[in-house]
Amino acid sequence: MFQSVMNIISLWALPVIIILILTMGLVKKVPIYEVFTVGAKDGFKISVNIIPYLVAIIVAISMLRASGVIEMTGAALAPVLNYLHIPVDTLPIMIVRSLSGSAALGVFSDIAHSLGPDAYATKLAAIMLGSSETTFYVLAVYFGAVGITKFRYAILVGILADIIGIVAAVSVSHWLFA
């Protein structure tokens, strides 16, 4: 019953929102198409402004993966991770998640494919994906879009939040699945 209600809500939510916005625009006599095109033009300008930040993140992720730094870090930290009951296979997600959600999703896909969906490392990696944020991507895109260049404290808070998310993911995974 609950699932069928949720399916109906998810099926109709977006069309209802769009119709509601268009109706409110017509009621308030807003020139809907003109306002939409102005917004689209502004969105295009913002996307052009954030391209250098996105390129920097993509290059950094590619360099980390191609150079083998992630694998070397995993080998160096293996004793500590094993002591803490953290599979070494999840270390790439801990490193890459702050940089890029799509790269972390690719790493997760590799873990799930190689270890299987029921493996502890796969479950831990899935919880890590949901409990952390792409800190550097957010800083690059959103801060770059509005022209903020001094984000020292935002980086510190973002990294701290990522660390707390990882610790929470490990704790919850150990509690639920170990």
Side-chain angles (χ1 to χ4, degrees), residues 1-14 17 47 50-145 151-178:
M1 171 75 174
F2 178 74
Q3 179 119 11
S4 63
V5 171
M6 292 306 293
N7 286 340
I8 291 171
I9 290 172
S10 65
L11 180 66
W12 286 99
L14 190 58
I17 290 171
S47 64
I50 64 173
I51 286 174
Y53 300 101
L54 293 176
V55 169
I57 287 174
I58 291 168
V59 169
I61 292 168
S62 299
M63 286 173 48
L64 281 175
R65 292 185 100 181
S67 68
V69 168
I70 295 174
E71 289 79 15
M72 290 188 311
T73 306
L77 294 177
V80 174
L81 293 173
N82 288 333
Y83 177 76
L84 296 172
H85 305 291
I86 301 171
V88 177
D89 296 325
T90 61
L91 183 67
I93 286 187
M94 292 181 210
I95 295 171
V96 173
R97 179 64 176 152
S98 293
L99 297 171
S100 168
S102 58
L105 194 57
V107 170
F108 172 74
S109 178
D110 292 343
I111 292 171
H113 181 69
S114 64
L115 301 177
D118 293 329
Y120 176 72
T122 304
K123 293 174 184 177
L124 174 59
I127 294 172
M128 282 181 186
L129 282 176
S131 62
S132 58
E133 181 57 70
T134 54
T135 301
F136 292 99
Y137 176 81
V138 168
L139 290 174
V141 172
Y142 298 123
F143 282 40
F151 42 83
R152 176 178 57 172
Y153 295 114
I155 290 175
L156 293 175
V157 170
I159 291 172
L160 180 63
D162 288 339
I163 291 169
I164 291 170
I166 289 169
V167 170
V170 169
S171 300
V172 167
S173 295
H174 188 68
W175 178 59
L176 289 175
F177 305 117

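The two residues A121 and D89 have their closest heavy-atom pair at CB-CB, 4.5 Å.
Residues forming a side-chain contact (heavy atoms from CB on, under 4.5 Å) with L99 (at least two apart in sequence, or on another chain): I61, L64, F136. Partners of L160 under the side-chain contact (heavy atoms from CB on, under 4.5 Å) rule, at least two apart in sequence or in another chain, are I164. Residues passing the side-chain contact (heavy atoms from CB on, under 4.5 Å) test with H174, sequence neighbours excluded: H85, Y120, A178.
Taking CG of D162 as the start and OG1 of T135 as the end, the distance is 3.0 Å to the nearest 0.5 Å. Atoms CG and CG, from L91 and L77 in turn, are 6.0 Å apart once rounded to the nearest 0.5 Å. Rounding to the nearest 0.5 Å places OG of S98 at 10.0 Å from CG of L139. Interatomic distance, CD1 of I127 versus OG1 of T90, reported as 11.5 Å (0.5 Å rounding). Note that CD1 of I111 is 4.0 Å distant from CD1 of I93, once rounded to the nearest 0.5 Å. Distance CG/L124 to CD1/I166: 9.5 Å, rounded to 0.5 Å.
A donor-acceptor contact shorter than 3.5 Å links the side chain of S10 to the backbone of M6. No donor-acceptor distance shorter than 3.5 angstrom exists from the side chain of T122 to the backbone of P117, with no hydrogens or angles considered.
Under the 4.5 Å side-chain criterion, counting only non-hydrogen atoms from C-beta, K123 is not in contact with L176. The closest side-chain heavy-atom distance from V170 to M128 is below 4.5 Å. The side-chain heavy atoms of L105 and L129, taken from C-beta on, include a pair separated by under 4.5 Å. Annotation: side chain of N82 is in contact with side chain of V88 (closest heavy-atom distance under 4.5 Å).
Within 6.0 Å of the OH atom in Y142, the count of heavy atoms belonging to other residues, nucleotides or ligands does not exceed 12. More than 12 heavy atoms of other residues, nucleotides or ligands shown are found within 6.0 angstrom of CZ on F108.
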